[in-house]
Every structure is written in structure tokens, then in C-alpha cells.
Amino acid sequence: MTRLNIVLLLAVLASAIYLVHTQYESRRLFTELDRATVEARRLETEHQRLQVEKRAQATPLRVEKIARAQLNMRTATPAITQYVSDPQGVAASAVAAANASTGGAPAPVQGVQP
């Protein structure tokens, strides 16, 4: 009977120690989860702030201002535009494209000046 009592006492002590360990581990994991949740919220807020800043930095007016100031760019006007043309190459490719779309029948080419 004494042996049975000792075995049962040891089983109860082992169970109690295991229960304490499980509760401690549960509390530790809960605290870690709470910290991770707070960090996730902080990162989400930071991400939203950076998205707003990115949109503010990429406005067309700001891009144009920087292009003019730092890159010395200017708006293209007809006075500074140079047109390069290859009448034979353009006409040949236009005729080939027209022939392909009409099944081989030649089509008039528009917009090409000889």
C-alpha cells in the first residue's frame, strides 16, 4: 500500500509540475502573440504612411518641377522637334501591312508623303 501511495504521490507531483510548465508556456506564448500583434499594427501604419508619401512624391507637377530644375529638361515644342523620316521604309512597311490585312490585294497608303 505504501508503494502505491508513493507512486500516486509521484504521479500527482509530475502532473502538477507539468501543469505549471504548460501554464507558463501558455502565458509566454500569449505575451509573444500580443507583441507580434502590436508590431504588425505598427508596420501597417508605417506602410500606409509610406504609401501616402509615395503618392505625394510622384505627382505630375512635382516630377515636372524636378525635371526642369535638376535635369534641365524642357517641354517639347514644334520649334525644337526634329522629325526623321524614311519614305521608302515607311511606304514599304505600310504596303506590306496592308497586303497582309487584305489578303494580298494592294491597299492605298495614306499619310505618307514622297
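FYI, side chains are in, hydrogens and waters are out, and symmetry mates aren't considered; it's all heavy atoms of this structure. Counting begins at 1 with the first residue of the sequence.
Under a 3.5 Å cut-off, the side chain of Thr31 and the backbone N or O of Arg27 do form a donor-acceptor pair.
Within the model, atoms CD1 of Ile66 and CD of Gln57 stand 7.0 Å from one another, a figure rounded to the nearest 0.5 Å. Between atom CG of residue Leu4 and atom CG of residue Leu9 there is a gap of 11.0 Å, rounded to the nearest 0.5 Å. Atom CD of residue Gln48 and atom CG of residue Leu50 lie 10.5 Å apart, to the nearest 0.5 angstrom. One finds the CG atom of Asn5 at 11.0 Å from the CG atom of Leu10 (value rounded to the nearest 0.5 Å).
Taking 4.0 Å as the cut-off between side-chain N and carboxylate O, Glu39 and Arg35 do not count as a salt-bridged pair. At a threshold of 4.0 Å, the pair Arg42-Glu46 does not count as salt-bridged, since none of the basic side-chain nitrogens sits closer than that to a carboxylate oxygen. With respect to the salt-bridge test (charged N to carboxylate O, under 4.0 angstrom), the residues Glu25 and Arg28 qualify.
Tested against Glu53 for a side chain to side chain contact (heavy atoms under 4.5 Å, CB included), the candidates Arg55, Arg49, Gln51 yield a single pass: Arg49.
Nearest heavy atoms, Thr81 versus Tyr83: CG2-CZ, 3.6 Å. Arg74 approaches Ile80 most closely through the heavy-atom pair NE-CD1, 3.4 Å.
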